[in-house]
Number of protein chains: 2
Amino acid sequence: MTEKVRKPNIYDVAKLAGVSHQTVSRVINNADYIKEDTRSKVQSAMQELGYVPNAAARALVTAKSKIVGILVSDIVYHGPAGMMHAMEKEARRGGYFAISASVDPLDNDSIAQGIEHLRRVGIEGLVVITPQSDSVQAVERLVKDIPVVFIDSPHNSTELSAELGNYEGAKRATEHLISLGHKKIVHVAGPSEWFDSAPRVSGYSDAMKSAKLEPKVFAGDWSVPTGYEIGKNLELDQSKVTAIFAANDHLALGLMRALRQRGYDIPQRVSIIGFDDVPEAAFYEPPLTTMRPDFAELGRVAMEKMLGHITREATLSSDELIPELIVRESTALPANL
Amino acid sequence: MTEKVRKPNIYDVAKLAGVSHQTVSRVINNADYIKEDTRSKVQSAMQELGYVPNAAARALVTAKSKIVGILVSDIVYHGPAGMMHAMEKEARRGGYFAISASVDPLDNDSIAQGIEHLRRVGIEGLVVITPQSDSVQAVERLVKDIPVVFIDSPHNSTELSAELGNYEGAKRATEHLISLGHKKIVHVAGPSEWFDSAPRVSGYSDAMKSAKLEPKVFAGDWSVPTGYEIGKNLELDQSKVTAIFAANDHLALGLMRALRQRGYDIPQRVSIIGFDDVPEAAFYEPPLTTMRPDFAELGRVAMEKMLGHITREATLSSDELIPELIVRESTALPANL
DNA sequence: TCTGATAATGTGAACGCTAACATAATGTCA
DNA sequence: TGACATTATGTTAGCGTTCACATTATCAGA
């Protein structure tokens with residue numbers, strides 16, 4: 001019973017198959033020039049022994065761990081979950097492993113520790129999901145020896161970052177309101193430290209300017225309470241505002257709640273459009289019109305770029321992701337003031 | 001420029017510090033019997049060279065990867081995100097790495113592939129987050145050589161699983177309604193293939209029976225539309241139902257929406273309590289009373305048990321997790337029928 | 001001052017694999 | 001049928017650690 005159950009190695013397989021260990025290695029890595037006959041002999045030997053290649057030995061000799069790190073903000077919001085799944089799947093598809101480290105994006109120490117941790121396992125590349133500007137610099141300062149891809153950061157090089165389509169999404173959200181006939185449209189923005197905020201503001205502004213309308217932006221963050229607060233104080237009558245583009249669904253929810261309490265009907269008096277399409281958005285009161293970004297695809301693309309960097313293959317330059325307009329009940333023709 | 005930039009190894013450090021490589025190894029693993037003087041010499045040498053231990057070499061010789069796998073359902077619902085963060089953090093705290101594989105819990109092939117993938121990297125243990133019964137058996141069949149911890153599955157051994165507190169949470173939710181004075185309380189359950197459903201039903205039933213009340217359960221799933229459908233058809237007047245315990249917040253949201261459309265005021269005519277406390281619950285119409293499980297703590301505990309198994313240390317037997325009652329506006333005294 | 005314990009450090013091998021090179025089998029063409 | 005390319009396989013070394021086992025320094029007690 002105390003028999004040592006050493007896992008089978010390449011030599012065990014070789015012996016059983018009647019070949020050299022190198023031939024086994026060749027089969028594993030499907031190299032050229034192997035007789036079909038030998039290949040199958042080796043394969044059935046592997047099968048029989050339940051052989052699993054030893055990743056450590058492989059990593060040691062090739063100096064490649066086949067692991068990519070994901071540095072992710074532990075601020076839980078709606079997108080990342082699906083994104084992580086997509087990233088993991090894409091990595092696996094390319095024969096890579098994904099290993100994540102959660103960090104507090106506001107704490108440089110935490111970032112450094114996360115990176116240190118990932119370094120120890122020997123990552124070949126790093127994908128960073130952080131929505132805050134400071135962290136990008138922190139990461140860039142700390143990581144210089146392996147490729148890094150930033151998700152949703154305003155990096156110059158498209159090669160080094162993957163973007164959600166904030167600008168285009170915001171533009172289209174605004175255009176939706178304009179196309180309904182709204183003239184006075186305000187934007188409640190996300191927090192300025194988050195990357196997603198600025199392009200949403202620009203997309204809104206550009207759409208307004210193109211339609212010769214006056215943009216007006218209120219500073220917010222991503223939270224329901226903030227939306228509620230802004231909604232409580234927003235001046236609507238004198239300025240004849242008939243529509244609001246909220247930088248995310250939570251803000252929109254807070255706004256709707258406050259405005260209805262103040263007696264403004266939605267969408268009869270005020271139209272509201274959000275951004276993100278959180279699962280609950282369809283069941284808000286009223287169901288929220290919003291922009292649905294493709295988080296999963298974003299994750300996939302980011303990982304694809306990462307693997308492209310690592311293997312030095314040409315990155316398939318994908319088109320910009322564009323959020324989809326989901327029209328529900330919170331937007332309608334403008335009220336007659 | 002073409003100079004090879006080999007990473008420093010233990011010998012480089014040894015040379016610089018003027019000791020043998022083994023002494024360096026001892027410092028890294030802080031073994032006994034090292035002069036304080038030598039230790040610091042070695043440490044500054046490591047610092048100077050930017051030495052990072054090679055995980056692969058280490059894993060090869062010790063036959064321990066320091067990696068645990070997480071097999072996670074790619075059905076994205078509210079809990080797992082925070083849970084994953086917590087698991088990763090707990091793993092890191094113990095010097096371990098966490099690496100996840102997303103799988104479709106309904107597809108045994110997908111599960112097998114996920115496990116195969118994790119096996120390749122050499123995981124020392126596996127944490128399984130799947131809410132469906134079938135997958136547990138599939139996993140148990142496939143993994144026999146390393147410890148497995150199931151999250152939220154009805155496993156006999158508490159050592160092998162970590163539970164959310166579904167039973168106790170459901171009991172307390174029901175007791176909350178009872179304590180308000182409700183007599184006719186129905187439960188809209190989750191899907192039977194999910195583990196969380198059954199204990200929530202039992203918790204509800206037991207609370208009802210203790211209060212000498214008649215339990216009545218409607219079969220549902222976790223979705224808003226299903227809650228809405230059930231809400232549209234639920235008979236309330238003849239049976240004098242005044243309160244509903246929904247198995248999760250999404251069902252509750254759907255229910256509330258349908259009931260209000262039918263003219264039933266909440267909470268004046270019907271009280272509703274949910275389960276999960278999704279971030280939006282506080283801003284539903286009306287804000288939802290619900291049970292808040294501690295997902296993060298669940299993840300932490302699960303990982304703690306995992307590491308306990310691996311290192312053969314005694315698992316700190318933690319108390320059962322109990323969801324917290326969050327009272328908002330959707331529950332009140334029963335209506336006078 | 002010698003002895004024997006204990007503290008502190010050193011030496012060689014092995015982990016399982018792939019890279020690089022060497023060799024053997026097979027096929028092709030004059 | 002020999003010469004030479006091509007295909008197919010084998011041999012040896014080394015990746016960076018830790019382990020198991022020396023070996024050397026240090027210190028107390030007789």
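All values below come from the heavy atoms of this structure, side chains included, with hydrogens, waters and symmetry mates left out. Below, read A as the first sequence line, B as the second, and so on, with proteins coming before strands; counting in each chain starts at 1.
In this structure a side-chain-to-backbone donor-acceptor pair under 3.5 Å is missing from Lys305(A) to Ala162(A).
Between Asp37(A) atom CG and dA8(D) atom C1' the separation is 12 Å, expressed in whole Å. dA13(C) atom P lies 17 Å from atom CG of Leu60(B), rounded to whole Å. The interatomic distance linking Tyr11(B) (OH) with dT11(C) (P) rounds to 10 Å, in whole Å. In this structure, CZ of Arg58(A) is placed 16 Å from C1' of dC15(C), rounded to the nearest angstrom.
When heavy atoms are screened at a 4.0 angstrom cut-off, Ile34(A) is found touching the sugar-phosphate backbone but no base atom. At a threshold of 4.0 angstrom between heavy atoms, the contacts of Asp32(B) with the nucleic acid are absent.
Sorted by first and then second residue, the pairs that involve residues 21-48 of chain B and meet ring pair (Phe, Tyr, Trp, His ring centres under 6.0 Å), not counting sequence neighbours, are Tyr11(B)-His21(B).
The side chain to side chain donor-acceptor pair (under 3.5 Å) check on Lys66(A) picks up nothing, with sequence neighbours excluded. For the salt bridge (Lys or Arg N to Asp or Glu O under 4.0 Å) test, residues two or more places apart in sequence or in another chain that qualify with Arg119(B) are Asp145(B). In terms of the side chain to side chain donor-acceptor pair (under 3.5 Å) criterion, Glu193(A) has no residue partners (sequence neighbours excluded). Looking at residues two or more places apart in sequence or on another chain, you find no side chain to side chain donor-acceptor pair (under 3.5 Å) involving Asn9(A). Annotation: side chain to side chain contact (heavy atoms under 4.5 Å, CB included) contacts of Lys64(A) (sequence neighbours excluded): Thr62(A), Glu124(A). With sequence neighbours excluded, no residue satisfies side chain to side chain donor-acceptor pair (under 3.5 Å) with Asn108(A).
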Show the distances under 3.5 angstrom between N or O atoms of the protein and N or O atoms of nucleotides 4-7 of chain D.
residue, atom, partner, partner atom, Å
dT7(D), OP2, Tyr33(A), OH, 2.9

Show the distances under 3.5 angstrom between N or O atoms of the protein and N or O atoms of nucleotides 22-24 of chain C.
none

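Within residues 39-56 of chain A, the residues having any heavy atom closer than 4.0 Å to DNA chain C are, in order of number, Tyr51(A), Pro53(A), Asn54(A). Only His21(A), Gln22(A), listed by number, bring a heavy atom of residues 12-22 of chain A to less than 4.0 angstrom from any atom of DNA chain C.
Counted within 6.0 Å of NZ on Lys41(B), heavy atoms from surrounding residues, nucleotides or ligands total more than 12; the atom is thus considered enclosed.
With respect to Asp12(A) and Lys7(A), no salt bridge is recorded, no charged nitrogen being found less than 4.0 Å from a carboxylate O.
Summary for the helix from dT1(C)-dA30(D) to dA30(C)-dT1(D): the axes at its two ends, each from 5 pairs, differ by 40° when rounded to the nearest 10 degrees.
There is no side-chain donor-acceptor pair under 3.5 Å between Arg120(A) and Asn54(B).
For dG10(D), one of the phosphate oxygens OP1 or OP2 lies less than 4.0 angstrom from a side-chain nitrogen or oxygen of Thr23(A). For the pair Asn9(B) and dT17(D), the criterion of a side-chain N or O lying under 4.0 Å from OP1 or OP2 is not met. In terms of phosphate contacts, Thr62(A) brings no side-chain nitrogen or oxygen within less than 4.0 Å of OP1 or OP2 of dC17(C).
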